[in-house]
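Worksheet: one structure, shown below.
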Amino acid sequence: MTSDRIDGIAPHGGQLINRIANHAQRLEFLDKADFLPRVQLDERAVSDLQMIAIGAFSPLTGFMAQADYQSVVDNMRLSNGLPWSIPITLSVSEEVAAPLKEGSLVRLDDKSDRFIGVLELSQKYRYDKIREAVSVYRTDDEAHPGVAVVYNQGEVNLAGSIWLLHRDPHPLFPDYQIDPAKSRELFRENGWRTVVGFQTRNPIHRAHEYIIKCALEIVDGLFLHPLVGVTKSDDISAEVRMRCYEIMLELYFPESRVILAINPASMRYAGPREAIFHALIRKNYGCTHFIVGRDHAGVGDYYGTYDAQYIFDEFEPKELGIMPLKFEHAFYCKRTLQMATTKTSPSRPEERIHLSGTKVREMLRRGELPPPEFSRPEVAAELAKVMNITQYEI
């Protein structure tokens, strides 16, 4: 573990965790490979393993023990009182858990049966799925994608520190695979003392552009950090989204003030709690500010429009250690002919054009394109190309 106090902002908990096995450790674990009990990880667990190892989930060194898990579910804090809003657990079936012995090592394999990590198993415990669903997702409805994951996972949580032995370069975006230690280094090299992080799982549109540029007026740099881990099946693919970000940065942003990197985390769709979670992750990457917009990390009608902003008021600013920038829903104002919010526009509701990411996805599925007031034409053209819509021209 290394201290990053020289950076503009300390990692959550004070130290940037590093659980990537060095060469000697890796050889030692590989020598034991055939003698260790195995647990196969799904895609989200692999993502969590990697996020822990690279320090993105600092101060976690592994999957949560029962005391931390219960405290997070009930109070949005680790057992030591440090704010943390989403349980990070490795859940397996009773059959898988039964032969595993606390105090031993467990081999962690990916879906291809590759040996990618080690769990220092410290505890096995059962948990209440409904309690987790209601506390974290504010619903026990199995139609909620995050709740569905909880209900479908195993009945026993395995806890303990981990070591990451193997991680492939991202198959689509290797150049954008920037870990927290590297992003902090880049911020230092750029002389950025204040950095705003932006979370998105949708193609960037005019409302995003507006609030990002408002934030850029008060900080040194932007860390555009789209999530490319597991998302819902109807979300637009990461490859398409990344191309849209590249287009926007090339044409509409100052090159020297933006860094684009991928966030390998998986979406939970936990709304307000996930907004806190996303902010703490960006704090670990070195961001001092974090944009929280309308219905952050929401899905369906499970959360109020600005619940993800209100939840930040439940913590003292110093204990979170990252400043939320709260933006209202932006729209194109027909009266002033520019992007605005209700704070700056004199328009009536009928004079406003605003679409959600969900509505845009629905339009694309119907073969329609978002209007130029909503999406830059070059981005719309890219979406048209992917959706095989040929009637659109820039």
Side-chain angles (χ1 to χ4, degrees), residues 17-21 25-26 28-30 32-58 60-66 68-69 72 86-102 104-127 129 132 136 145-172 177 179 227-233 238 262-270 277 281:
I17 299 301
N18 178 5
R19 301 296 294 186
I20 302 173
Q25 290 171 318
R26 188 170 180 273
E28 181 180 351
F29 288 133
L30 290 174
K32 300 176 180 178
D34 294 336
F35 305 99
L36 297 178
R38 303 186 186 196
V39 169
Q40 189 174 61
L41 306 183
D42 61 18
E43 192 173 356
R44 188 168 92 169
V46 170
S47 171
D48 287 347
L49 174 73
Q50 294 177 355
M51 294 290 280
I52 294 167
I54 65 177
F57 285 175
S58 297
L60 303 187
T61 62
F63 293 103
M64 287 180 175
Q66 188 170 21
D68 279 334
Y69 167 80
V72 167
I86 297 289
I88 304 299
T89 57
L90 176 57
S91 303
V92 298
S93 67
E94 303 233 12
E95 293 74 19
V96 171
L100 304 179
K101 300 188 181 304
E102 295 176 353
S104 65
L105 298 178
V106 176
R107 169 176 168 168
L108 303 178
D109 288 3
D110 64 12
K111 283 186 152 184
S112 301
D113 294 322
R114 289 188 304 172
F115 184 14
I116 62 168
V118 170
L119 172 68
E120 298 174 347
L121 182 61
S122 61
Q123 190 181 36
K124 302 185 294 184
Y125 61 95
R126 291 172 177 79
Y127 64 103
K129 293 185 179 184
E132 178 176 335
V136 175
V147 172
V149 170
V150 174
Y151 287 175
N152 290 328
Q153 66 193 17
E155 300 80 19
V156 179
N157 285 340
L158 306 180
S161 294
I162 58 90
W163 291 101
L164 180 66
L165 306 188
H166 178 81
R167 179 172 59 144
D168 290 326
H170 195 281
L172 298 176
Q177 191 169 320
D179 292 347
L227 186 143
V228 299
V230 181
T231 58
K232 296 189 285 86
S233 60
I262 57 173
N263 174 15
S266 295
M267 278 296 297
R268 264 72 178 182
Y269 302 96
F277 183 55
I281 289 173

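- Partners of His170 according to the ring-ring contact (aromatic ring centres under 6.0 Å, His included) rule, which considers only residues two or more places apart in sequence or in another chain, are Phe173.
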**Message:** One pair to check against side chain to side chain contact (heavy atoms under 4.5 Å, CB included): Phe29 and Leu105. What are the steps and the verdict?
**Reply:** CA-CA 9 Å; Phe29 288 133; Leu105 298 178; 4.0 Å; yes
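- Heavy atoms only, all atoms of each residue included: Ala65 and Ala159 are closest at CA-CB, 3.5 Å.
- Legend: residues meeting side chain to side chain contact (heavy atoms under 4.5 Å, CB included) with Val39, ordered by chain and number and at least two apart, are Leu41, Val92, Val96, Leu100, Val106, Leu108, Leu158.
- Side-chain contact between Leu164 and Leu49: present, with at least one pair of heavy atoms (C-beta onward) separated by less than 4.5 Å.
- Tyr125 pairs by the ring-ring contact (aromatic ring centres under 6.0 Å, His included) definition with Tyr69, not counting sequence neighbours.
- Under the 4.5 Å side-chain criterion, counting only non-hydrogen atoms from C-beta, Glu102 is not in contact with Ser122.
- In this structure a side-chain-to-backbone donor-acceptor pair under 3.5 Å is missing from Arg268 to Gly146.
- Under the rule for a ring-ring contact (aromatic ring centres under 6.0 Å, His included), the partners of Phe57 that lie at least two apart in sequence or sit in another chain are Phe277.
- Proximity of Ile52 to Phe63: side-chain heavy atoms (C-beta onward) are separated by under 4.5 Å at one or more points.
- Among all heavy-atom pairs drawn from Gly154 and Tyr127, the shortest one is O-OH, 2.6 Å.
- Applying the salt bridge (Lys or Arg N to Asp or Glu O under 4.0 Å) test to every pair with at least one member in residues 88-98, sequence neighbours left out, gives these pairs: Glu94-Arg126.
- Remark: Phe115 pairs with no residue by the ring-ring contact (aromatic ring centres under 6.0 Å, His included) rule, at least two apart or across chains.
- In this view, Arg114 and Asp110, Asp168 satisfy the salt bridge (Lys or Arg N to Asp or Glu O under 4.0 Å) rule, not counting sequence neighbours.
- Scanning for salt bridge (Lys or Arg N to Asp or Glu O under 4.0 Å) contacts around Asp42 gives an empty result, with sequence neighbours left out.
- Side-chain contact between Ile262 and Gln177: present, with at least one pair of heavy atoms (C-beta onward) separated by less than 4.5 Å.
- For the pair Leu165 and Ala21, the tightest heavy-atom approach, listed with the atom from each and the gap, is CD2-CB, 3.6 Å.
- The two atoms that bring Val72 and Pro87 nearest to each other are CG1-N, 3.6 Å, heavy atoms only.
- Note that the CG atom of Asp179 and the CG atom of Asn18 stand 9.0 Å from one another [nearest 0.5 Å].
- The shortest non-hydrogen separation linking Leu227 to Ala265 is CG-O, 3.2 Å.
- One finds the CZ atom of Arg107 at 8.5 Å from the CG atom of Leu30 (value rounded to the nearest 0.5 Å).
- Partner Ser91 forms a side-chain contact (heavy atoms from CB on, under 4.5 Å) with one of Val150, Asn152, Asn157 and no other, that one being Asn157.
- With sequence neighbours left out, the side-chain hydrogen bond (donor to acceptor under 3.5 Å, both in side chains) criterion links Asn263 to no other residue.
- One finds the CD1 atom of Ile162 at 10.5 Å from the CG atom of Leu90 (value rounded to the nearest 0.5 Å).
- Not counting sequence neighbours, the partners of Asp68 by the side chain to side chain contact (heavy atoms under 4.5 Å, CB included) test are Met64, Leu78, Ser79.
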Test side chain to side chain contact (heavy atoms under 4.5 Å, CB included) on Ile54 and Arg167 and set out the steps. CA-CA 11 Å; Ile54 65 177; Arg167 179 172 59 144; 3.7 Å; yes
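- Under the 3.5 Å distance criterion, the side-chain polar atoms of Gln123 are matched with a main-chain donor or acceptor of Gln66.
- Annotation: side chain to side chain contact (heavy atoms under 4.5 Å, CB included) contacts of Ser161 (sequence neighbours excluded): Arg19, Thr61, Glu120.
- Contacts of Val149 classified as side chain to side chain contact (heavy atoms under 4.5 Å, CB included), with partners at least two apart in sequence or in another chain: Arg44, Gln153.
- Using a 4.5 Å heavy-atom threshold, the side chains of Met51 and Ile281 count as touching.
- When all heavy atoms are compared, the tightest approach of Ser47 to Pro264 is OG-O, 2.6 Å.
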